[in-house]
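Single-structure report; data block below.
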Amino acid sequence: MSPRPTSRFQITPRGGASARPGWVPLVLLAGAWLLSLLLVGWLSARYASPDAGGLREKLRQAESQVKVQRDKVEELQQRQATLEASDKISRAANTEVQASLAERDEEIAGLRADVAFYERLVGSTSQRKGLNTHSIEFSPEAAGSWHYNIVLTQNLNRGAISQGQMRFSVEGVKDGKLTTVSWDDLHQQKSAPGKDYSFRYFQQLDGSVMLPRDFTPQRVRVSLTGPGGGATQTFDWKLAGNGRGE
């Protein structure tokens, strides 16, 4: 029997072992890539999450501290405003007290002057006089008027009350002529009432009068009238501030 001739062709079944080398590496590569993603995700969750939580906690603490500091600042601002208001009130009160003290000092000085004048008036060595004008003084005012201050005295009848009205006129020169400005003209009023007085030893009278324009005063004539009698005295205008009469 002769040997079977060798075939030149080899038949390989479809899907056999020769196909595996093509897709196995792809599967392995995909698996490795998936594992790397899982590893990265696990590492991110392991290391990144705790840090983010810590930052959020630090943020909350910082916000809380900022709120506390803001509350302190508002409290300090309110306290400062209260202190400033209190200081303002204290300054105003101190100013008012100082003004009141100055007024009291002025009143005390005036009372001391009155007491000294009274002692001189009723002292054992003082000259006895009936009702008279002790002094007269004029001072200009801002409105163009003149303020007068007149002191009336009497120490002749101790204990007696002197009552009546005081008037005065001013003699001077206007337009080159001698002119007398009456009590009514000084007050720019017809039948102007006199200045009432009522005292035991002395009294101070004051008020304001208006002199005509272009009038040069020279003398002041003071008239006192009352139930118990009257008196008339003349004062030089230049010496009126010293209360020296003629």
Side-chain angles (χ1 to χ4, degrees), residues 103 106-123 125-175 177-246:
E103 291 179 0
E106 185 176 354
E107 291 178 1
I108 291 173
L111 290 174
R112 287 176 176 173
D114 290 343
V115 169
F117 175 75
Y118 175 78
E119 290 176 347
R120 291 194 304 269
L121 182 65
V122 300
T125 59
S126 61
Q127 183 180 359
R128 299 291 184 229
K129 289 184 179 181
L131 178 64
N132 77 105
T133 301
H134 180 267
S135 64
I136 179 171
E137 180 179 355
F138 287 89
S139 57
E141 296 178 320
S145 57
W146 289 83
H147 182 268
Y148 65 85
N149 187 294
I150 297 177
V151 177
L152 306 180
T153 62
Q154 83 83 24
N155 61 354
L156 184 61
N157 299 321
R158 295 191 176 185
I161 301 297
S162 299
Q163 293 180 331
Q165 289 188 334
M166 181 277 300
R167 291 178 175 85
F168 62 83
S169 60
V170 182
E171 301 172 355
V173 178
K174 179 176 174 60
D175 299 329
K177 297 180 181 180
L178 293 175
T179 304
T180 299
V181 184
S182 66
W183 178 258
D184 292 349
D185 293 335
L186 290 171
H187 289 82
Q188 299 180 342
Q189 178 185 351
K190 291 184 178 180
S191 302
K195 196 76 170 180
D196 294 331
Y197 63 84
S198 178
F199 64 95
R200 188 180 301 274
Y201 292 109
F202 69 97
Q203 184 176 357
Q204 179 176 293
L205 304 177
D206 63 347
S208 296
V209 295
M210 182 69 71
L211 294 177
R213 291 184 178 180
D214 302 325
F215 175 77
T216 303
Q218 294 180 338
R219 294 152 59 96
V220 182
R221 187 178 298 274
V222 182
S223 299
L224 305 177
T225 58
T232 300
Q233 292 173 260
T234 302
F235 294 82
D236 191 311
W237 178 270
K238 295 181 180 180
L239 303 178
N242 297 324
R244 296 171 60 182
E246 295 179 351

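Hydrogens, waters and symmetry mates play no part in the numbers below; they use all other heavy atoms, side chains included.
To the nearest 0.5 Å, atom CH2 of residue W183 and atom OG of residue S169 are 10.5 Å apart. Within the model, atoms OG1 of T153 and CZ of F199 stand 6.5 Å from one another, a figure rounded to the nearest 0.5 Å. A distance of 10.0 Å separates CD in Q233 from NE2 in H134, rounded to the nearest 0.5 Å. Distance check, rounded to the nearest 0.5 Å: CD of Q154 to CD of Q203 gives 12.0 Å. Rounding to the nearest 0.5 angstrom, the gap separating the CD atom in Q204 from the CD atom in E137 is 9.5 Å. Atom OG1 of T216 sits about 10.0 Å away from atom CG of D175, to the nearest 0.5 Å.
With a 4.5 Å cut-off on side-chain heavy atoms, R221 and T232 count as touching. A heavy-atom distance below 4.5 Å is found between the side chains of L178 and V173. At a threshold of 4.5 Å between non-hydrogen side-chain atoms, the residues L131 and Y197 count as touching.
Taking every heavy atom of both residues into account, R167 and G194 meet most closely at NH2-N, 3.3 Å.
D236 places a side-chain N or O within 3.5 Å of a backbone atom of K238 that can act as its donor or acceptor partner.
Side chains of S191 and D184: no donor on one and acceptor on the other come within 3.5 Å. With no hydrogens or angles considered, no side-chain donor-acceptor pair links Q165 and T225 at under 3.5 Å.
Of the listed residues (L224, T133, V220), just one forms a side-chain contact (heavy atoms from CB on, under 4.5 Å) with I150, and that residue is T133.
Between F168 and F138, the ring centre distance stays below 6.0 Å.
Other residues, nucleotides and ligands place more than 12 heavy atoms under 6.0 Å from the CD atom of Q189.
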- Task: Would you please test S198 and Q163 for side-chain hydrogen bond (donor to acceptor under 3.5 Å, both in side chains) and show each step?
- Result: CA-CA 4 Å; S198 178; Q163 293 180 331; 3.3 Å; yes

Side-chain donor-acceptor contacts of residues 205-215 below 3.5 Å, not counting sequence neighbours, with atom names and distances?
residue : atom : partner : partner atom : Å
S208    : OG   : E141    : OE1          : 3.1
S208    : OG   : E141    : OE2          : 3.1

